[in-house]
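See below for the structure under consideration.
For clarity, every value in this text was computed on a predicted model and none was experimentally measured.
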Amino acid sequence: MFYFQNLDALRFIAAFAVFVFHYFRDIKSFYPGIEENLLFKTALIFADKGGLGVNFFFVLSGFLITYLILHEKHHTGSFNLYHFLVRRTLRIWPLYFIIVLIGFVFFPIMFNSYSTLHDPVMYLFFLANFDEIKNGLHDSVNFLTAPWSVAVEEQFYLVWSFMLLIFMRIKGFKTSYLIILLYIVSFWFRWEFRDDERVLYYHTLSVCQDILMGALFGIALYKNKPWIQQIANMHRWKIVLIYILGLGVCVFKNKIFTGDIVVFERFFLSLFFGFVIAEQTLGKHSFFKVGKISWMTNLGKMSYGFYMYHLVVMYVLCRLVAAFLPTGYYLIPLYFAASLLVTLLISYLSFRWIETPFLKLKSRFG
């Protein structure tokens, strides 16, 4: 089994960025007037872009899944769709359905005041992103937001794997043709709904551009394309320049991608994230490899749990803080530290006692 160094650390960075994004959304409830604080507004410019961690996850998923499929096809002579879907199920379903149970079964029993507008049927069939478009904006239960990205990935895994299984049997077919076709469909969809922010953010046909970009980089790496080797051999100053420009685009994306230009937002952001993955994986002259930070790599292995649980933890702690502690600015670091530590603890226990037993079963399926 091959292993891409540095990607686990990148996973944790992405998950932590999402954590910070939601933390800043929560502390507004403690201090309704804090939005006018200059320090808060400055920090929010950066923290508000933490949601791009989800975009990065999509790109990374497309990269790894496509590379895995091509690797299997090359070394075994075929692609076993059943084994692929079982492996994805063992990785994704346990935590996903734990959150679903918490949101639709446990919390309604535990808390009398708890209620949600979300539709459990949509969650059961991995259509949470469509439910988020319809009900998410008006629902106070924000921790049921997290599964939307998992639902998108499950939808794409199913469609993408079926497409590859079919088209890889056609002599002379190139996977890049399929990616171009799906890009055309996605761009058309984003153009048609360019004025609907929630559709652009949550709909599968919109966000699939991230996964497609990851798939493009996965194919290029596997086939050792000349342009992927150019990234591997890129001079350090060029790498630093691209990181600065890319991060600048991320921070100021709301000012860059305005009006009709929003159609191209995901394409350019995912292109930068694809570069980060390729550079961290292959770069010979990297200014820094995040995988060198061992604790970050270790935390990255349980980043799925960190991402899925952090909103549940925040939901509970936010209400406990509001109910039992007097309002004061001391709550800002206290709530952050408590949310982070509890989420890490639960993620560790979950990874060890829930996820790992299922992950060990994956070896039985290729």
Side-chain angles (χ1 to χ4, degrees), residues 1 3 7-23 26 50 53-54 56-57 60-61 64 86-111 114 116 120 123-124 126 128 141-151 153-154 290-291 293-321 323-325 333-364:
M1 183 65 180
Y3 175 74
L7 295 191
D8 279 329
L10 289 175
R11 279 192 184 96
F12 176 72
I13 293 173
F16 184 72
V18 177
F19 174 90
V20 172
F21 168 71
H22 287 129
Y23 162 78
D26 268 8
V54 177
F56 183 86
F57 277 129
L60 184 58
S61 292
L64 289 173
V86 170
R87 291 195 301 270
R88 290 297 88 204
T89 297
L90 291 170
R91 182 68 189 103
I92 299 299
W93 284 29
L95 291 197
Y96 179 89
F97 283 108
I98 284 176
I99 302 301
V100 171
L101 283 172
I102 290 173
F104 294 109
V105 179
F106 295 155
F107 274 21
I109 295 173
M110 294 169 61
F111 303 109
Y114 176 90
T116 178
Y123 280 73
L124 287 174
F126 290 95
V141 183
N142 64 345
F143 71 81
L144 279 171
T145 296
W148 82 266
S149 61
V150 181
E153 291 192 0
E154 286 293 277
V290 293
I293 307 175
S294 58
W295 63 265
M296 195 175 288
T297 296
N298 292 331
L299 291 177
K301 296 180 188 300
M302 56 186 194
S303 59
Y304 178 42
F306 186 88
Y307 172 74
M308 292 297 282
Y309 290 123
H310 81 278
L311 281 174
V312 179
V313 172
M314 287 182 173
Y315 177 85
V316 175
L317 289 182
C318 184
R319 278 143 189 82
L320 289 175
V321 167
F324 297 104
L325 294 177
L334 177 63
Y335 178 59
F336 180 87
S339 298
L340 180 61
L341 292 175
V342 173
T343 302
L344 286 172
L345 176 61
I346 293 176
S347 301
Y348 169 76
L349 294 175
S350 174
F351 183 77
R352 181 170 182 179
W353 300 109
I354 299 176
E355 297 169 67
T356 298
F358 284 100
L359 292 174
K360 289 180 178 179
L361 296 175
K362 289 173 64 176
S363 61
R364 302 181 183 183

query = For I92 and E154, which heavy atoms make the closest approach, and how far apart are they?
reply = CG1-OE2, 3.8 Å
query = Below 4.5 Å, heavy atoms only, C-beta onward: do V150 and I99 meet side chain to side chain?
reply = no
message = When you compare the side chain of L90 with that of K360, does any pair of heavy atoms fall below 4.5 Å?
response = no
request  = Could you label the plane-to-plane angle of the H310 and F19 rings as parallel, tilted or perpendicular, counting under 30° as parallel and over 60° as perpendicular?
outcome  = tilted
remark   = Distance col, row I98:CD1 vs I354:CD1, nearest 0.5 angstrom, shows 3.5 Å
key: Geometric cation-pi criterion R319 and Y315, 6.0 Å radius, 45° cone   = yes
Name every donor-acceptor pair, under 3.5 Å, that has one atom in a side chain of residues 7-18 and the other anywhere in the protein, sequence neighbours excluded.
residue, atom, partner, partner atom, Å
D8, OD1, R11, NH1, 2.6
D8, OD2, Y3, OH, 2.7
D8, OD2, K301, NZ, 3.2

query = Quick one: does Y335's side chain have a donor or acceptor within less than 3.5 Å of a partner on D26's backbone?
reply = no
remark   = Between T297 and G291 the two heavy atoms that sit nearest each other are OG1-O, 3.3 Å
message = Test of understanding: with side chain to side chain donor-acceptor pair (under 3.5 Å), list the residues that count as partners of R87, not counting sequence neighbours.
response = E72
ask   = Side-chain contact, heavy-atom cut-off 4.5 Å: F126 with W93?
value = yes
task = Report the residues that fulfil ring-ring contact (aromatic ring centres under 6.0 Å, His included) with Y304, sequence neighbours left out, ordered by chain and then residue number.
result = none
task = List the atom of R352, the atom of P357, and the distance in Å for their closest heavy-atom pair.
result = O-CD, 3.8 Å
query = Is the closest side-chain donor-acceptor distance between S339 and Y23 under 3.5 Å?
reply = no
remark   = Heavy-atom nearest pair, M308 first then P147, reads CE-CG, 4.2 Å
ask   = Has the side chain of Y114 got a donor or acceptor atom that lies under 3.5 Å from a matching backbone atom of G103?
value = yes
Y309/L95 under side chain to side chain contact (heavy atoms under 4.5 Å, CB included): CA gap, chis, key distance, verdict = CA-CA 9 Å; Y309 290 123; L95 291 197; 3.1 Å; yes
ask   = Short question: side chain of S303, backbone of G300 - any donor-acceptor pair under 3.5 Å?
value = yes
task = Return yes if some donor-acceptor pair links the side-chain N/O of S350 with the main-chain N/O of I346 below 3.5 Å, else return no.
result = no
inquiry  = If I take atom CD1 from residue I102 and atom CG from residue L311, how far apart are they, to the nearest 0.5 angstrom?
reply    = 11.5 Å
